[in-house]
Every structure is written in C-alpha cells, then in structure tokens.
Amino acid sequence: MTPSAESRAVPRSLLRRVFTTDHHAIGLGYLALAFVAVVAGTLMSLVMRVHLVWPDRLIPLHGPVTPEEYLALVTLHGTLMLFFVLTTAPQSGFGNLILPSQIGAREMAFPVLNALGLWTTVAALIVLLASSFVEGGAAISGWTAYPPLSAIASAGPGQGLGLDLWLASIAIFGVGSLFGAVNTLATIVAKRCDGMTWERMPLTVWAWFTAALLSLIAFSVLLAALMLLFCDRHAGTSFFLPTGDLVNGTLHTGGNGSPLLWLHLFWFFGHPEVYIAILPGMGLTSMILANFARRRVFAYRTMIVTTLLIGLLGILVWGHHMFVAGLNPFVGSAFAISTMAIALPSAAKVISWLATVWRSRPSYPTPMLFALGFVSLFVAGGLTGPILAQPILDQYLHNTYFVVAHFHLIMAMAGIFGLYAATYYWFPILTRTASMPNGRLLSETLGKWHFWTTFLGAYATFLPMHIAGLAGEPRHYAQFIGIPNAAAQHLIDGAMGMQRHITYSAIFLISAQMLFVVNLLVSWRRGELAGENPWEATTSEWHRPASNEWIAVYRAPCIYIQHSGNESGGEVFLPQWVPERKPE
C-alpha cells in the first residue's frame with residue numbers, strides 16, 4: 001500500500017468505527033456516555049452536599065457557590081442522572097449489548113436507526129452540558145421546569161438561554177429514546193430465533209419490551225409538552241400562562257392557560273420514566289437470583305404478567321405527584337388508589353425473588369450480591385411509597401427530604417445496583433474481542449469490597465433523609481445557615497447535625513465508587529480470562545454460534561435437572577440452545 005493510500009485508509013477505518021451499526025459497539029457507546037454523565041452528576045451532588053454543610057467554603061477552581069448556581073446544580077444533577085444514566089445505561093446500553101443475543105438475533109431490527117439513536121443522545125448530552133456556559137447561566141428550574149417561571153424567558157436568572165438549551169437537550173434526548181424504543185420493540189417482535197416463544201423469553205427481555213412500550217408513550221407526550229412550553233416562551237402563546245399573572249414586573253394578558261396543564265403532561269411522562277429506569281434491573285435480578293440459586297424463577301408466568309402490569313399501572317398514577325397542586329379531592333383519591341394498586345405487582349415480584357432463593361444453597365459472586373442489594377433497596381424504598389400515596393400525608397411530606405430519600409433509594413440506588421449487577425455479570429460479554437472471544441472477568445475481591453462499601457454508604461446516606469423529611473426539612477434550599485429569621489434558626493438547630501452525617505456518608509459513598517473504577521480499568525486490560533460460560537447461565541447471550549449457524553431455542557431459561565452422573569450429586573443446568581436430551 002502506498003503512503004497516500006494508507007493515509008486514506010486510516011480515517012476511513014476510524015469513521016467506520018465511530019459510525020458503526022454493530023449493536024455491540026453501539027451498546028458500549030451508550031455505556032461510555034452514561035459513564036461520563038454519572039461522573040459529572042456525582043461531582044455535582046458532592047458540591048451540593050459540601051455547600052449545604054459549609055456554605056462559605058470556596059470550591060476549587062470556582063469560588064463560592066451562589067443560590068442560583070446551587071439550583072443549577074440541582075437541575076443538572078437530576079437531569080444527568082435520570083435521563084443520561086438511569087434511562088440510557090439499562091435500556092439503551094445493556095439493551096443493545098445483550099438483547100439481540102438473548103433472543104437469538106444477529107443484530108437489531110434497524111441498525112442505522114440504532115446508530116442514529118446513539119448519536120442523537122450524544123448530541124443531547126453535549127447541548128445539556130453546554131447550557132452551563134451560556135450568558136444568564138444554566139437552567140435553575142429543576143428537572144421538572146414548572147411554569148409559570150419556566151414559560152417566561154425574562155423571568156429571572158436561569159430562565160433564559162440556559163433553559164432554552166435544557167429544553168432542546170431533553171427534546172433531542174426524547175427523539176433518540178423514541179428511535180431506541182421502536183428498534184427494541186421491532187427486534188423483540190420480529191427477530192426472535194426459532195423456538196423463542198413469548199413464554200420462553202428471559203425476564204430481562206420482557207423488561208426491555210415493557211420499558212420500550214412506556215418510552216414510546218411517555219416520550220411522545222413529553223415532546224409535545226416541550227414544544228408547547230417553548231411556544232409560550234418565544235411564540236406568544238399561553239398554554240401554561242394564566243391571564244393576570246405578574247412575573248418579574250410584567251403582567252401577562254395574552255391568554256388564559258394553566259400551569260397545571262404542564263404538571264399533567266410532564267408527570268404523565270415522569271412516572272413511567274421511573275419504571276423505564278427500574279424495570280430492566282427487575283428483570284435482571286430475577287435471572288441472576290435464579291442462576292446462582294440454581295432454581296427456576298418462582299412463578300415465571302406471573303413474573304411476566306407483573307412486569308406488564310407495572311408498565312400499565314405506571315402510566316395511570318401520575319397524579320400522585322400533584323396532590324398539593326389543587327387537584328379535586330376525588331381525583332386525588334383515585335390516584336391514591338391506583339398508586340397503592342401498583343404495589344401489588346411489585347410485592348409479587350419481591351415474593352418471587354424470595355421464593356426463588358428460599359432454602360436453596362446459592363453461591364455469592366459479586367453479581368449475586370448486587371442483585372440481593374437491589375432487592376433490599378427496592379423493598380426499603382418501596383415501603384415509603386404507600387405513605388406518599390396518601391394525599392393527607394403528602395400534604396406535609398411533599399417537597400421535604402422524605403421525598404428525596406424515597407426516590408433515591410427506590411430509583412437511584414436500586415437502579416445503580418441493577419447496573420452494577422449487570423456490569424459484573426455481563427463483563428465477559430462487554431470485553432469480547434476477536435482475539436479474546438470469551439472476554440474477561442472483573443476482580444471478585446475488589447467487587448465484594450465495592451459491594452459492601454456501596455451498600456452501607458447508600459443506607460447511611462439516604463435512610464437519615466427520611467428522618468430529616470419527617471422533621472420538615474425542605475429540599476432545594478441552597479443553605480440552612482445565615483438566613484436571619486426564626487424559621488431558619490429552627491432549621492439550623494434541628495437540621496445541621498443530620499445534614500453533616502448525610503454529607504459525610506455521601507462522601508464515603510462516592511469514594512467507594514473508586515473501587516469500581518479501578519476494578520474496571522485494571523480488569524479491562526489484565527482481568528482474569530473468562531470461560532465460555534463463566535456463570536453456567538442458561539440464557540442465549542452466553543452461546544457463541546459460528547458465523548453461519550442459526551441458533552434455535554428448545555426450552556425456557558433457568559432449567560436445572562438432577563443428573564445422576566454428577567459427582568457432587570447436584571443440579572446440572574440446561575441452556576436454552578442445547579437440544580433436548582435425556583439424563584444419563
């Protein structure tokens with residue numbers, strides 16, 4: 001090859017890698033994007049915690065944190081974690097990596113659309129991060145962007161170009177999520193291999209399927225709401241602005257809209273978003289518990305039904321976020337009942353998880369520990385759900401640290417534990433290459449240290465927030481110290497001891513994640529080589545068919561049989577792809 005030909009080949013190869021349509025590479029791209037987002041969001045939470053306890057402390061390379069900057073940190077932290085981590089990593093990242101091989105497909109249904117979804121999401125993240133550097137500052141409206149302030153660009157700091165970019169970022173992300181949802185649904189419906197009936201699909205696939213259905217509905221509504229809000233800000237409309245509203249010295253007389261409309265539209269998206277983030281973790285937890293307990297998933301068909309029920313009820317409970325917004329009391333009662341109803345399929349899942357491992361002799365590698373941690377956090381966070389589902393109790397607890405504790409335990413921490421379980425379990429698949437077809441394993445020693453420090457740090461950080469909320473401590477306050485009035489003094493006297501404990505625990509929790517980062521970096525290059533099926537799993541992602549071989553499935557996952565020839569006298573697993581055979 002001549003030098004000129006070689007110089008032309010290098011960029012072509014680079015472009016081919018960057019704009020690949022390979023689902024494995026796209027999945028890794030989503031996970032890399034989520035890693036960038038989680039690092040940024042975690043550092044923001046650390047700055048917030050430090051500022052709450054030591055409000056006069058200067059932040060290195062920045063200086064003091066103003067109230068507007070604190071609210072911008074709240075907005076960006078929530079947006080990064082919810083959209084770009086808890087939605088992107090489980091649904092788009094691991095969905096691309098694992099879903100096709102779990103159903104015996106060679107690729108996603110629409111490879112080009114799949115790649116377009118990744119780069120749309122990358123663009124959304126860039127726009128969001130860029131909003132911090134524009135004139136007027138980043139958005140300070142929280143991740144909910146409630147009108148009427150968010151509907152008027154001149155309302156004050158953080159309501160100008162920064163909020164426009166925030167709206168644009170979420171809209172772009174929504175488009176990318178719709179691309180991914182369509183692709184996921186089409187792949188599951190049309191690309192299943194021979195023998196992969198609906199009842200034989202792993203529960204992870206059912207979780208991705210249900211989350212994709214929710215994404216299709218929820219993000220469509222959110223996109224419409226964002227366009228209406230943008231029109232209010234720049235086109236003179238009044239979808240969310242009531243007549244006679246006085247904002248920043250300007251009296252609005254152009255039309256008679258309602259901020260309550262935004263709440264309905266936003267939370268119709270917002271609550272399904274919770275299940276888009278948590279359902280993949282539920283599905284994976286079921287499969288991991290069964291795998292390491294060497295048991296079938298207890299009540300497998302019921303677990304499929306409960307997944308679909310959670311998805312259905314998840315789009316019917318949005319009003320419980322609006323109990324203090326002036327809803328008709330009868331409507332509030334209806335939403336309270338539907339909210340308590342969703343606890344039934346969730347409780348059925350917990351019973352299945354417990355019954356699956358009950359009286360078994362499970363092994364406890366790191367993926368199993370994180371799956372059990374997911375169950376613990378899901379139960380602990382879920383127990384406070386019925387409390388907040390009561391309108392009379394929510395009147396007091398709404399907008400306090402009790403709500404922060406609830407959703408951080410059940411969504412953030414349980415969701416993160418699900419991601420860690422997936423990473424430790426599927427790491428051999430993440431690291432597969434042509435020269436290393438079985439991939440590598442993460443260090444078990446570092447993994448167990450990582451689990452226990454993260455588990456203790458999560459509870460030490462978020463359990464005390466329930467107590468702070470019961471004491472009436474409000475969230476979104478930039479500081480408790482230095483406000484000269486009696487209410488502030490009451491907060492200082494009762495809050496600062498608890499806030500210091502929460503901050504120290506948060507620093508410990510964040511520091512513990514360095515164990516994972518070190519484990520990840522070292523094991524990616526020098527980790528122990530994995531076997532062909534290191535966990536003796538039964539699902540098809542662990543099968544590596546030849547390039548010209550079409551995979552077929554012969555049974556449901558998690559099938560174990562007594563094998564008389566087994567020296568230990570224990571159970572032998574039957575992978576889905578192995579043809580029927582009689583025990584020897």
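Throughout, numbering of the chain's residues begins at 1 and tracks the sequence.
When atom types are taken as modelled, the side chain of S505 and the backbone of G457 share no donor-acceptor pair closer than 3.5 angstrom. Side chain of D232 to main chain of S238: a donor-acceptor pair is present (N/O by atom type, distance under 3.5 Å, no hydrogens or angles). Without hydrogens or angle criteria, T88 side chain to G93 main chain gives no donor-acceptor distance under 3.5 Å. For N114 (side chain) and F110 (main-chain N/O), no donor-acceptor pair under 3.5 Å exists by modelled atom type. No side-chain donor-acceptor contact under 3.5 Å links T307 to the backbone of W206. No donor-acceptor pair closer than 3.5 Å links the side chain of H466 to the backbone N or O of F402. The backbone N or O of L419 lies less than 3.5 Å from a partner atom in the side chain of T423, making a donor-acceptor pair. Under the 3.5 Å distance criterion, the side-chain polar atoms of Y30 are matched with a main-chain donor or acceptor of L118. At distances below 3.5 Å, at least one donor-acceptor pair connects side-chain atoms of T400 with backbone N or O atoms of L397. Judged purely by atom type and a 3.5 angstrom limit, W208 uses its side chain to pair as donor or acceptor with the backbone of P90.
Closest of all the heavy-atom pairs between A155 and L149 is CB-O, 3.5 Å. Between I342 and G314, the shortest heavy-atom contact is CD1-N, 3.7 Å. Considering all non-hydrogen atoms of both residues, P67 and A478 come closest at CA-CB, 3.9 Å. Closest heavy-atom contact between A211 and L279: N-CD1, 4.3 Å. Summarising the geometry of M340 relative to A389, their closest heavy-atom pair is CG-CB, 4.2 Å, with the distance given to 0.1 Å. Of all heavy-atom pairs between P272 and I315, the closest is CG-CG2, 3.6 Å.
Within a 6.0 Å radius of CD1 in I392, no more than 12 heavy atoms belonging to other residues, nucleotides or ligands are found. The environment of E135 atom CD is sparse: at most 12 non-hydrogen atoms of other residues, nucleotides or ligands sit within 6.0 angstrom.
Below 30°, between 30° and 60°, or above 60°: for F269 and F266 the angle between ring planes is above 60°, a perpendicular geometry. Using cut-offs of 30° and 60° on the angle between ring planes, the pair Y504 and W54 is tilted. Between H51 and Y70, the angle of the ring planes lies from 30° to 60°, which puts this pair in the tilted group. Ring geometry for W119 versus F19: interplanar angle of 30 to 60°, hence tilted.
Under the rule for a ring-ring contact (aromatic ring centres under 6.0 Å, His included), the partners of F268 that lie at least two apart in sequence or sit in another chain are W318. With sequence neighbours left out, the ring-ring contact (aromatic ring centres under 6.0 Å, His included) criterion links F84 to F173. Qualifying ring-ring contact (aromatic ring centres under 6.0 Å, His included) partners for Y275, counting only residues two or more places apart in sequence or in other chains: H271.
Annotation: side chain of L33 is in contact with side chain of V122 (closest heavy-atom distance under 4.5 Å). The closest side-chain heavy-atom distance from R49 to L52 is below 4.5 Å. Counting only heavy atoms from C-beta outward, the side chains of L82 and M411 approach each other to under 4.5 Å. In this structure, the side chains of L344 and T306 stay at 4.5 Å or more apart for every pair of heavy atoms. The closest side-chain heavy-atom distance from V134 to D164 is not below 4.5 Å. At a threshold of 4.5 Å between non-hydrogen side-chain atoms, the residues I310 and M282 count as touching. Counting heavy atoms from C-beta outward, F378 and F417 have side chains that stay 4.5 Å or more apart. Under the 4.5 Å side-chain criterion, counting only non-hydrogen atoms from C-beta, T339 is not in contact with L313.
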Discussion item. Run L226 and F230 through side-chain contact (heavy atoms from CB on, under 4.5 Å) and show every step you take.
Written reply: CA-CA 6 Å; L226 291 171; F230 193 84; over 6 Å; no
Discussion item. Using the rule given for side-chain contact (heavy atoms from CB on, under 4.5 Å), can you reason through E69 versus V47, listing the C-alpha separation, both sets of side-chain angles and the distance that settles it, and then say yes or no?
Written reply: CA-CA 11 Å; E69 289 173 334; V47 173; over 6 Å; no
Item to complete: Output, in order, the C-alpha distance, side-chain angles, deciding distance and verdict of side-chain contact (heavy atoms from CB on, under 4.5 Å) for L31 and L97.
Response: CA-CA 10 Å; L31 291 181; L97 276 165; 3.4 Å; yes
Discussion item. Using side-chain contact (heavy atoms from CB on, under 4.5 Å), reason through F240 and S150 one step at a time and then give a plain yes or no.
Written reply: CA-CA 10 Å; F240 309 120; S150 65; over 6 Å; no
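For the atom pair CG (L509) and OG1 (T454), the distance works out to 6.0 Å, reported to the nearest 0.5 Å. Taking CD1 of I172 as the reference point, atom CD1 of I126 lies at 9.5 Å (rounded to 0.5 Å). Atom NE2 of residue H398 and atom NE2 of residue H320 lie 10.5 Å apart, to the nearest 0.5 angstrom. Taken from CZ in F94 to OG1 in T204, the straight-line distance is 12.0 Å, to the nearest 0.5 Å. If you take CG on L116 and CZ on F179, they are separated by 4.5 Å, rounding to the nearest 0.5 Å. A distance of 11.0 Å separates CZ in F209 from CG in L99, rounded to the nearest 0.5 Å.
Note: F374 and F370 fail the aromatic proximity criterion, with ring centroids not under 6.0 Å apart.
Under the 3.5 Å distance criterion, with hydrogens and angles disregarded, a donor-acceptor pair is assigned to the side chains of Y459 and S376. Side-chain atoms of T79 and W166 form a donor-acceptor pair, as typed in the model, at a separation below 3.5 Å.
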